[in-house]
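See below for the structure under consideration.
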Amino acid sequence: MEPLVVLLPLFGAMLAVPTGRSFGPRAAELTTTILMAIAAIWSWLIFFDVAGNHVSETRTLFTWFGSGSFQASWAMKIDMLSAVMLVVINSVSTLVHAYSIGYMHDDPHRPRFFAYLSLFTFAMLCLVTADNFMQLFFGWEGVGLASYLLIGFWFKKPSANAAAMKAFVVNRVGDFGFALGIMGIFWIFRSVEFDTVFSLIANNSEVVPFGMEQGGAIQTLKLTFFGAEVHALTAIAVLLFIGAMGKSAQFLLHTWLPDAMEGPTPVSALIHAATMVTAGVFLVCRCSVIFEYAPSATAMVTLVGATTAFFAATVALFQNDIKKIIAYSTCSQLGYMFFAAGVGAYGAAMFHLFTHAFFKALLFLGAGAVIHGMHHEQDIKKMGGVRHMMPMTHLLMVIGTIAITGVGVPFMTLFGAPLGTAGFISKDIVIESAFEAAGEGAPFAMYAFVMGLIAAVFTAFYSWRLIFLTFWGKSRASEEVRKHFHAPSNWMMIPLIPLAVGALLAGIVFYGNFVGPNADKFWNGALYDAHETVETHASDSQSASHDTQDHAEAKTGDGDNHAAIESHEATDSHGATENHEVAGDHGVEGGHHVPSWVILAPFFAMLIGSLTAAAHYLRGSDPLRPGFMVEDGMIYGFLKNKWYFDEIYDFIFVQPAKKIGRFLWKIGDGKIIDGLGPNGIAGLVALGAKRIVRIQTGYMYHYAFVMLIGIALFMSIVLLSRGGN
């Protein structure tokens, strides 16, 4: 019955509009929300079943299509990676559905909105439960379609239409690379099934690409492309990552994400916390075996992820739109996830994805409550004093803020896990993983560590800036807004409570399984083990032993990426041997055998950013008066205008494309094709007809004169012809 977890949101999407027409909008809202709630509960049952029994199965439902040897089935792959994503997607989507009942209560098109929400969820579920690249691509494009519909939901607003189109076009750039990667996989492996492809790579099997007489061992296979030799796995990994860059709004393909705020706030929460933007991280982790044998590609992932974390954090510093601040925050946090995956810390990447869903959804929905109460005002400089009007929302937003900034107590543990909020535990492990990888010589790992720390400072600053300018001080709202302010309904507030609990406790509760001592059993081969693979190929005896492992272990190793097999001792997911207490090891050495200062660095980064924001924005009654953070000048303009990427892209791509299009339209199509073709011939005919019609004057003497001339010519021809004879 597991397929129903995927199908229930689809049923909701199909029933929403007809139910709304027959029984009213509230019936559509309740139908979709109840179906989502059932799917969410079922997802948690699957999660605990997979985690407790360490099961991993693929259930093939039917053959989707086939063309010769190109076969693709429709299946449901249930392993720990997909189970985690099921929980994240369905849980957050259920809360967003419930929240939307209150947020959208005045909108006349609620059934259509809820249909889109459920369709979005269904597409993402298809993506994460796929067992082959074609099914994954179906879900991948499905979330792109649903995001287009949701971002442009208020289609009468030109800005919403422009934002939806921008998101769609920018994602097509990344999706083109993704599609090429899938084509390359089928060309080389003659299959698009995950199990087949990953097993061939892990076992270094011989492959012969289509159209070639001979191939080679896949891990070292090189292909000639335009006269240059290209490592096959590197090319595939880079193309797949380009797709992930677009979907997860990474540096250079990030420009669509802030504009996506034009959609209703619940849409922003769903896109940013649980669905679309997490698809890229999931893709890299699912294909971890490919990336591990493509070191240049992993270096690219690390570089792009670290750059994104830093770039987006700098842009968020001085934004005034409450939703765009949180949007750039999402972009930055995704950078953390990617550089964690780039250095091989796939468990840490997924852990941060999991915890991030709680506090990011909390922040977005809390911001939506503020916007709703302030009559759709989104400028934090026009707010202030909101905590007196919305004390519960203020408390919940503060919880989300301490989670994303990483408030915790270094060197302290609780129930075997570091003591702190979810963001403190997961983000610190990501940063520590980068430092450890730098010690092992991983490319750009030290760069990622430094960028991660700087981004942590900026994250704390802009997060508390948002809180201080929105909720603290005197109200700067207009008299009209203050007079008609209304508190959010229970439909909007109740979903925030479980998200707040997750933002506080998810790190402590799930630490042991995601990245702690139970990680190897928890992931059960769903994530590739880089360290174990290195050890495996270092000795023939180890290779022989791994050849005898079952298919899943041969494909993905036997645990989380952080396990290190040294001196044949059993290890935890952070490389700590049985001789160490893992929790204590994290408290003393970070769980990655890193110096104490590395553990303390993220904590002090959080303090620096938080105290700087407090010192600047809690100065008396007017936090906007000039201070040491001068919101003026070249640097401020550079950051405020998002590094001028929109202007640069407009100059490089948009305007030239418009000029080329205008030339092809006016000159190529209008003057050349139509001018010499249909329009030209039609013009000649019309011109000839216009000239001929002048003969028809309507005067008899003109016709008689023409007749006389005709007769004279006729007689002349006859006489001349006879004379010639």
Side-chain angles (χ1 to χ4, degrees), residues 88 241 244-245 247-251 254 257 272-273 277-285 298 300-316 326-360 363 400 403-408 420-438 442 444-463 503 506-507 511 514-515 561-562 590 592 598 601-603 605-606 609:
V88 170
F241 179 62
M245 287 176 62
K247 199 65 71 180
S248 294
Q250 291 300 282
F251 187 68
H254 66 277
L257 193 63
H272 288 243
V277 297
T278 62
V281 180
F282 170 82
L283 174 66
V284 174
C285 290
T298 56
M300 177 182 176
V301 174
T302 305
L303 176 63
V304 172
T307 303
T308 304
F310 170 78
F311 155 75
T314 63
V315 174
I326 305 174
Y328 277 109
S329 171
T330 298
C331 195
S332 180
Q333 297 302 309
L334 287 167
Y336 279 100
M337 300 174 206
F338 273 110
F339 78 66
V343 300
Y346 301 105
M350 289 302 301
F351 189 34
H352 196 49
L353 183 154
F354 182 78
T355 61
H356 175 264
F358 289 102
F359 54 75
K360 188 49 58 70
L363 289 170
I404 193 173
T405 56
V407 173
T421 59
F424 169 77
I425 298 173
S426 62
K427 186 163 66 175
D428 284 17
I429 290 173
V430 168
I431 294 173
E432 292 169 20
S433 299
F435 182 85
E436 185 188 27
F444 301 111
M446 183 54 70
Y447 171 76
F449 172 73
V450 174
M451 291 296 102
L453 287 178
I454 297 174
V457 175
F458 294 159
T459 300
F461 178 85
Y462 67 67
S463 297
Y511 165 81
F514 275 80
V515 292
N561 167 71
H562 297 295
H592 293 88
V598 175
F603 175 76
M606 177 272 297

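Within the 3.5 Å criterion, the main-chain N or O of Met245 finds no donor-acceptor partner in the side chain of Ser248. For the pair Thr355 (side chain) and Gly423 (backbone), a donor-acceptor distance under 3.5 Å is absent. Under a 3.5 Å cut-off, the side chain of Tyr462 and the backbone N or O of Ala313 do not form any donor-acceptor pair.
One finds the OH atom of Tyr328 at 12.0 Å from the OG1 atom of Thr308 (value rounded to the nearest 0.5 Å). Rounded to the nearest 0.5 angstrom, Ser332 OG and His254 NE2 are separated by 12.0 Å. How far CG of Leu303 is from CD of Gln250: 11.0 Å, rounded to the nearest 0.5 Å. For the atom pair OH (Tyr336) and SG (Cys331), the distance works out to 12.5 Å, reported to the nearest 0.5 Å. Separation of atoms CG (Leu453) and CZ (Phe435) is listed at 10.0 Å; rounding is to 0.5 Å. Rounding to the nearest 0.5 Å gives a distance of 5.0 Å between CD1 of Ile429 and OH of Tyr511.
In this structure the side chain of Ile326 reaches within 4.5 angstrom of the side chain of Lys360, judged on heavy atoms. A heavy-atom distance below 4.5 Å is found between the side chains of Thr459 and Gln333. Residues Phe449 and Glu432 are not in side-chain contact: their nearest non-hydrogen atoms beyond the backbone lie 4.5 Å or more apart. Considering only heavy atoms from C-beta on, Lys427 stays 4.5 Å or farther from Phe424 through its side chain. The shortest side-chain heavy-atom distance between Phe241 and Val304 falls under the 4.5 Å cut-off.
Here the closest non-hydrogen pair linking Ser433 and Val343 is O-CG2, 4.1 Å. The heavy-atom pair separating Phe338 from Gly305 by the smallest distance is CB-CA, 3.9 Å. Taking every heavy atom of both residues into account, Ile404 and Ser329 meet most closely at CD1-OG, 2.9 Å. Considering all non-hydrogen atoms of both residues, Ala455 and Ala309 come closest at CB-O, 3.5 Å. Across all their heavy atoms, Ala341 and Val284 have their closest contact at CB-CG1, 3.9 Å. When all heavy atoms are compared, the tightest approach of Val430 to Ala340 is CG1-CB, 3.8 Å.
Applying the side chain to side chain contact (heavy atoms under 4.5 Å, CB included) rule to Ala306 yields the partners Phe339, Tyr447, Ala448, Met451; only residues at least two apart in sequence or on another chain are considered. Under the rule for a ring-ring contact (aromatic ring centres under 6.0 Å, His included), the partners of Phe251 that lie at least two apart in sequence or sit in another chain are Phe311, Phe645. Residues forming a side chain to side chain donor-acceptor pair (under 3.5 Å) with His272 (at least two apart in sequence, or on another chain): Thr330. Shown here are the salt bridge (Lys or Arg N to Asp or Glu O under 4.0 Å) partners of Lys247, two or more places apart in sequence or in another chain: Asp175. Take Thr405 and apply the side chain to side chain donor-acceptor pair (under 3.5 Å) test, not counting sequence neighbours, and it matches no residue. Here Phe603 pairs with nothing under the ring-ring contact (aromatic ring centres under 6.0 Å, His included) rule; sequence neighbours left out.
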